[in-house]
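Each chain gets a letter, A, B and so on, in the order the sequences are listed, and its residues count up from 1.
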Protein chains: 2
Amino acid sequence: MGNPTLTDVARLAGVSENTVSRVVRDKGPIAEKTRRRVMDAIEQLGYVPNRAAGSLASASSPIIAVLLPSLSNIVFPDVLRGIHAGLAGTAYQAMVGVTDYDPEKEQALLASLLAWRPAAVITTGFDHTPESRKMLMDDRLRVAELMDIDGQPIDIAVGLSHHGAGRATARHLLARGYRRIAYVGHDWSTDRRARRRYEGIVAGLSEAGLSLTAKCRHDGPSSTLAGRRALARLLSDNIAVDAVIFSNDDMAVGGAMHCLAEGIRVPERLALFGFNGLEIGEALPQPLSTIRSNRFLIGRKAVETLLETRKRPDEPLIIDTGFDIVEGATA
Amino acid sequence: MGNPTLTDVARLAGVSENTVSRVVRDKGPIAEKTRRRVMDAIEQLGYVPNRAAGSLASASSPIIAVLLPSLSNIVFPDVLRGIHAGLAGTAYQAMVGVTDYDPEKEQALLASLLAWRPAAVITTGFDHTPESRKMLMDDRLRVAELMDIDGQPIDIAVGLSHHGAGRATARHLLARGYRRIAYVGHDWSTDRRARRRYEGIVAGLSEAGLSLTAKCRHDGPSSTLAGRRALARLLSDNIAVDAVIFSNDDMAVGGAMHCLAEGIRVPERLALFGFNGLEIGEALPQPLSTIRSNRFLIGRKAVETLLETRKRPDEPLIIDTGFDIVEGATA
DNA sequence: ACAATTTATCTCAGCGCTAACATATTTCTC
DNA sequence: GAGAAATATGTTAGCGCTGAGATAAATTGT
């Protein structure tokens, strides 16, 4: 019983423990002959280094703590994919916690993840409890705040301007001649970025001297079903509307389904616009007009930047992964 | 600099290190008065236990290694949600690796995750390299193999019978009077469970003396777009077909989109059937007929069962989370 | 060929915690 | 109120690895 340890390998290879350690970590000069001998011993014993011991001795662990608000729609799994892509081939491991958009939960998870002395923390947005903020302020810790860049990052922020995306949406629809624009959204007490986009939309319209013709907010998380129902509700008020901006693609796809079911001609009678650029939008009978957020890129870029240097930059760094308007056929 | 340690807390509280350790881990008898004193000291110093040290000393870590084939569609994030739900409130943490359906990658990730001496490993399916299998055989390690139960588990398996689900699909369509049934699928060299369902479909049809009227396989991962295109291709052959079974809901939703775009009446002219029971299927103009796989439950149940007892059962345990036919309106 | 480098390896203390056992303190029993 | 039993706390020896510095071996320059 008991897995083989460095000592076992060292004994078998006839070298000191430290030499084995150096071979394993590929650190410091090693004679090729010695390396081979050590590698053979490792192979023979099936040695797997004990990371707990390594972390303890080096006072740092190859762990990246990742705090995501949710895994319920594909957005954050996409970010997570990006994170894993950035981590692939390194010795680092992601340790994920799900906060359910709750800063208190974030704080609790953060405390428990910090117990591993991670090399970095990846979290979302700029809303943290004061306690969380205090923990994240520690200069020895790298911190990435993802998704949003409209704020003051602790260390680095990677994402896009949601206000800008909202504004771009408004301008796009205005340029296409739509004037009676409505908004269909979901609960943004949790999803602050949806709110930022909304504010951007309002700002964009107001620059043209306009405002939203109507709005309808579903009181809960976004979903296709919610979008479908919310659009139905909005239209039942019989206010003249020629375009609807949805809080995201899930909602927008639901809206498209409502139009299909009710025979509402899109975009002639009603234009639809989403946000995120999900694959499902492309597969609709008419591809959804939307804005592509580069979620995978956000995750990957965050990891790459964090691993680039062990130390924080002098000034908080903002990495804008941008967004693209996807023309589609619904607006 | 340097975080406060057990020793610091012990000194401040005027007790021995071990007492602090026992308070922190809530283990062994502690006088209420002592506990309070220690807690105060912990609070005052902002002490966070070092898990690396703990793991080293106790030769086990509160880590659950999770190996998922993909994060690209919502299926595995759903499982992961279940895992996190099961883990919430415990001291355990999930450490996730993504294998891209590649047993070699699984093996590499497994080796690297084992370096943390996790309490358990959660992986998917029964296909592992011999080396992986050897690592998983270690009796001190709990192992859960998720998604499928048609096989011989190492320790426990949690999931559903994909063969059974395929068979149920065939029977359901037969009972509804469909006879010319086609199959539209994706690449199953990686996704073995899709293949098992296919085999179940064939078996179900064959019990009624029938076989598939036509089939079309997209050479790549499943997606809405792939489903849409594959159905178009299938129908372009002009073979009389009155129902199509898709390898999963992503593909089926794509198929539904094709029908919407082409004005094919569903289910009168063509019935559609999926697999998974995704939310998007419910939001279609006609709710998709499909089979609900209880993905969240699979993840949660796996964790709960693993944490129930530290030791493996004498006999490999199979936990059937079942499946439900979702009637829908497309078949 | 001898010192000055460079390269390769070793020695050893200690990271922060836990397990096992020893010891002290309180509570009960008759 | 003495001893047994239960409860509460302390002592000590590592867990397996890494970092710093010491030492040895090979290479270079002159």
Rounded to whole Å, CG of B:D26 lies from P of C:dT18 at a distance of 13 Å

So CG of B:L136 and CD1 of B:I154: to nearest 0.5 Å the spacing works out to 4.5 Å

Interface polar pairs with nucleotides 25-28 of chain C, N/O, under 3.5 angstrom:
none

Protein-proximity profile, nucleotides 6-17 of chain C, B/S/- by nucleotide at the 4.0 Å heavy-atom cutoff, equals --BBBB--BBBB

Q) Is there a side-chain contact between B:L141 and B:L114, using heavy atoms and a 4.5 Å cut-off? A) yes

Rounded to whole Å, NZ of B:K27 lies from P of D:dT7 at a distance of 18 Å

Note to self: Checking B:Q93 against A:S112: is there a side-chain donor and acceptor pair closer than 3.5 Å?
What the structure shows: yes

Are a donor atom and an acceptor atom from the side chains of B:T7 and B:R11 found within less than 3.5 Å of each other? no

**Study point:** Test item: A:D102 side-chain N/O and A:T99 main-chain N/O as donor-acceptor pair under 3.5 Å
**Key:** no

- Message: Donor-acceptor check, side chain of B:T34 to backbone of B:I30, threshold 3.5 angstrom: yes or no?
- Response: no

Problem - B:E145 side chain to B:T123 side chain, donor-acceptor N/O pair below 3.5 angstrom - result: no

Contacts of B:R295 meeting side-chain hydrogen bond (donor to acceptor under 3.5 Å, both in side chains) (sequence neighbours excluded), chain-then-number -> B:D78, B:S293

